[in-house]
Visitor: 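Below you'll find the structure I mean.
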2 protein chains.
Amino acid sequence: MGPGPSDVNPRILEALSRPTIGHLDPAFTDMMEETKALLQYAFQTSNRLTMPVSAPGSAGMETCFANLVEAGDKVIVCQNGVFGGRMKENVTRCGGTAVMVETEWGRAINLNATEDALKANPDANILAFVHAETSTGAQSDAKALCELARKYDCLTIVDAVTSLGGTPVLVDEWGIDAIYSGSQKCLSCTPGLSPVSFSDKATDKISNRKTPVQSWFLDLNLVMAYWNSEGPRSYHHTAPVNSLYALHEALLILKEEGLENSWARHQKNHEMLKAGLESMGIEFIVPEAERLPQLNAVAIPDGVNDAEVRSRLLHKFNLEIGAGLGPLAGKIWRIGLMGYASNTDNIKLCLNALGTVLNESGYNVDIEAALKAAG
Amino acid sequence: MGPGPSDVNPRILEALSRPTIGHLDPAFTDMMEETKALLQYAFQTSNRLTMPVSAPGSAGMETCFANLVEAGDKVIVCQNGVFGGRMKENVTRCGGTAVMVETEWGRAINLNATEDALKANPDANILAFVHAETSTGAQSDAKALCELARKYDCLTIVDAVTSLGGTPVLVDEWGIDAIYSGSQKCLSCTPGLSPVSFSDKATDKISNRKTPVQSWFLDLNLVMAYWNSEGPRSYHHTAPVNSLYALHEALLILKEEGLENSWARHQKNHEMLKAGLESMGIEFIVPEAERLPQLNAVAIPDGVNDAEVRSRLLHKFNLEIGAGLGPLAGKIWRIGLMGYASNTDNIKLCLNALGTVLNESGYNVDIEAALKAAG
């Protein structure tokens with residue numbers, strides 16, 4: 001129950017361990033086509049360029065920036081946590097200029113400040129932001145941010161690593177141009193793959209770059225030749241065959257449940273955990289309206305030893321919860337209720353285990369009352 | 001029996017499907033330490049910076065170039081197949097200049113031509129070459145090439161994707177500075193990871209770069225902070241946990257067999273396959289002394305339809321063999337005897353299946369004689 005990897009559904013582990021076949025075997029390329037269609041469903045898009053990058057979410061982020069940013073480009077980057085800072089790193093390493101819009105950590109991105117930056121930088125051509133900040137548990141208004149970007153003629157790059165499958169991510173309806181996610185959060189797949197999707201406008205920009213993409217491995221002009229069934233499918237790199245079996249299974253499971261049902265389940269379980277934690281006197285750091293149901297960031301009670309509690313949870317209850325990152329290190333815990341792991345058994349386990357360890361630390365909580373509050 | 005991914009040992013598939021735990025879980029970081037030690041054994045090195053990159057071999061290649069090449073650097077790149085060409089792409093995309101030393105495809109890299117290039121370019125600071133050309137089946141003299149590099153004060157970047165585990169790769173003895181491999185060839189692990197190792201000299205160059213590495217995801221200055229047990233281990237990206245279980249198991253299997261025994265097995269099985277194929281009149285394209293035992297590149301007999309034969313092998317015998325790449329497309333087949341797949345059953349399957357399909361194509365071969373020749 002950390003911030004990811006989440007618990008993996010046994011069906012996915014079984015798929016993962018199927019015999020490896022060749023990355024150009026027709027049976028495998030058929031599965032690639034199904035995976036693309038399932039990803040289009042997950043992202044709610046008809047974007048043709050929708051596929052998993054053969055590496056973790058950080059490489060998905062880099063795929064978006066390395067392909068869309070050219071030297072000299074100006075990118076407005078909204079930061080309200082760790083991952084906005086990583087976006088800035090990506091922009092500058094691609095030779096671009098990042099104009100930062102800072103929002104307090106733990107809050108949704110400030111729309112007014114973003115519009116001010118767009119207004120003040122008419123030469124900016126991309127707006128980049130994190131939809132679901134894994135470092136703080138805050139969810140930003142992606143729809144409104146995309147509207148702003150369009151108003152000021154910018155493409156959007158959106159981090160949906162933690163949101164995809166857990167809360168609505170409507171790529172076409174919101175008009176997102178480039179989006180990346182991770183396999184190991186609300187899809188509950190093993191870590192190592194990063195689903196991405198690009199609008200036609202973004203794809204055009206990539207096809208018409210003045211300079212080559214600085215990464216050969218992530219150059220979509222080349223990767224497309226392997227993932228696109230319309231031309232002759234040509235080898236680019238050896239696909240992570242078994243990991244793709246697993247992602248295919250994870251996406252099938254999501255489709256079987258239905259996106260809306262998955263979103264509702266994440267919300268309901270969040271509310272149960274929240275009721276239990278609040279009954280223990282533990283407070284959320286993100287205002288209710290801006291909270292991610294799949295990532296519960298709570299303040300560590302005064303006088304409680306962060307590392308000791310997490311270590312006891314792990315060793316005594318076999319339960320991992322996440323530490324804070326950056327300026328939030330030692331100040332918050334991040335409790336994931338993601339994908340397969342978002343269920344009532346885990347909520348009870350967490351309340352019981354955390355309550356027990358807190359009581360042992362001299363912080364007095366009523367576990368029975370918390371479990372009852374959670375329902 | 002293609003050029004990789006090779007058949008995966010069931011032990012490795014079992015390890016792959018173990019329950020996913022956190023990438024900072026002490027049980028997992030202990031396994032990371034064991035994996036590093038096992039990789040040092042596989043590479044025959046005491047290099048501290050030895051670890052798997054969280055993405056396929058192409059990303060391992062890019063890790064070496066993106067970290068070691070800075071804008072303005074001149075790199076001598078030896079090309080005798082597809083992957084030397086990819087090295088050139090990497091150099092130029094890092095802002096470096098590639099001086100190409102071309103050798104006929106299917107031959108080991110020409111040492112005299114390489115020395116001429118080193119002599120003519122005293123400002124070059126890196127020599128890059130492919131030890132085992134997966135596209136042609138040729139093995140180059142890595143030891144001699146490293147000696148040349150040292151003589152002309154160059155660091156070396158070596159592609160050992162197909163050689164590691166199958167033929168000797170002696171990183172310390174040969175004085176290799178940067179090397180990358182793949183999980184899916186002679187280690188018989190699932191595809192998706194790229195073991196790398198860097199000498200202290202290479203590590204120093206990376207630590208003292210004038211400019212940041214252009215890839216955030218592959219920046220070893222950051223990745224090291226996660227893989228290095230000496231400092232506080234800090235999160236960089238979410239490690240592909242299950243794939244690393246599999247690599248750990250694959251390396252354990254290699255250690256149990258012993259490197260020398262693995263090399264001898266690959267050689268013996270190559271000789272058996274070779275005797276069988278030659279008895280059918282099928283000829284190798286690489287001179288015997290320069291041949292990789294794990295990748296048998298043979299000329300397609302005149303009048304035989306390449307795609308049809310491969311398709312029938314796949315559909316009738318469930319057997320994949322590799323096509324030619326680039327200028328060798330349609331001219332050669334590449335038959336892998338890699339790792340777990342390098343065994344006598346596969347040799348018999350291949351001779352029997354290929355013989356049957358060739359006979360159906362009107363190319364007359366004596367299958368019994370071929371099996372007998374193979375022993």
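Below, chains carry the letters A, B, ... as their sequence lines are ordered, and counting in each starts from 1.
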Visitor: Quick check for you: among B:Thr92, B:Asp25, B:Leu244, which has the greatest number of heavy-atom pairs under 4.5 Å with chain A?
Guide: B:Asp25
Visitor: I need the residue from A:Glu14, A:His315, A:Arg86, A:His237 with the largest number of non-hydrogen atom pairs under 4.5 Å to chain B.
Guide: A:Arg86
Visitor: Where on B:Glu62 is there a heavy atom nearer than 4.5 Å to chain A: the side chain, the backbone, both, or neither?
Guide: side chain
Visitor: Counting heavy-atom pairs under 4.5 Å to chain A, which of B:Pro212, B:Ala323, B:Ser54, B:Gly192 comes out on top?
Guide: B:Ser54
Visitor: Quick one: what part of B:Ala66 sits under 4.5 Å from any heavy atom of chain A, side chain, backbone, both or neither?
Guide: neither
Visitor: Taking side chain as everything from C-beta outward and backbone as N, CA, C, O, which of these in B:Thr238 sits under 4.5 Å from a heavy atom of chain A? Side chain, backbone, both or neither.
Guide: both
Visitor: Do A:Ser215 and B:Ser215 meet the criterion of a side-chain donor-acceptor pair at a distance under 3.5 Å?
Guide: no
Visitor: Is it the backbone or the side chain of A:Leu16 that comes under 4.5 Å from a heavy atom of chain B, or both, or neither?
Guide: both
Visitor: Return the option, out of A:Pro19, A:Gly22, A:Ala27, with the maximum number of heavy-atom pairs under 4.5 Å with chain B.
Guide: A:Gly22
Visitor: Most heavy-atom pairs under 4.5 angstrom with chain A, which of B:Val213, B:Val8, B:Asn90, B:Asp7?
Guide: B:Val213
Visitor: What I'd like to find out is whether the side chain of B:Glu320 reaches to under 4.5 Å of the side chain of A:Leu24, using heavy atoms alone.
Guide: no
Visitor: What residue, out of B:Ala239, B:Ser234, B:Pro56, has the most heavy-atom pairs lying under 4.5 Å from chain A?
Guide: B:Pro56
Visitor: Hey, what's the ring geometry for B:His236 with B:Trp216, parallel, tilted or perpendicular (30° and 60° as the breaks)?
Guide: parallel
Visitor: State, without any angle test, whether B:Asn221 and B:Asp219 hold a side-chain donor-acceptor pair at a distance under 3.5 Å.
Guide: yes
Visitor: Could you look at B:Arg18 and say if it's the side chain, the backbone, both or neither that has a heavy atom under 4.5 Å from chain A?
Guide: backbone
Visitor: Are A:Lys210 and A:Glu70 side-chain neighbours, meaning at least one heavy-atom pair lies under 4.5 Å?
Guide: yes
Visitor: Does a donor on one side chain sit under 3.5 Å from an acceptor on the other, for A:Thr20 and A:Asn242?
Guide: yes
Visitor: Taking A:Thr134's backbone N and O only, do any of them form a donor-acceptor pair with A:Thr162's side chain (distance below 3.5 Å, no angle check)?
Guide: no
Visitor: Less than 4.5 Å to any heavy atom of chain A: does that hold for the side chain of B:Ile21, its backbone, both, or neither?
Guide: backbone
Visitor: Has A:Asp73 got a side-chain atom pairing as donor or acceptor with A:Gly96's backbone, closer than 3.5 angstrom?
Guide: no
Visitor: Between A:Tyr245 and A:Phe28, what is the ring plane arrangement, given parallel below 30°, perpendicular above 60°, and tilted in between?
Guide: perpendicular
Visitor: Under 4.5 Å from any heavy atom of chain B, what part of A:Gln184 do you find: side chain, backbone, both or neither?
Guide: side chain
Visitor: Could you check which of A:Ser58, A:Ala55, A:Ser6 has the highest count of heavy-atom pairs closer than 4.5 Å to chain B?
Guide: A:Ser58
Visitor: Just give me the residue among A:Pro191, A:Pro240, A:Gly4 that pairs up with chain B most often, heavy atom to heavy atom, under 4.5 Å.
Guide: A:Pro191
Visitor: Does the B:Lys185 side chain pair with the main chain of B:Met338, one donor and one acceptor, at a distance under 3.5 Å?
Guide: no
Visitor: Under a 4.5 Å heavy-atom cut-off, does chain A meet the side chain of B:Val53, its backbone, both or neither?
Guide: neither
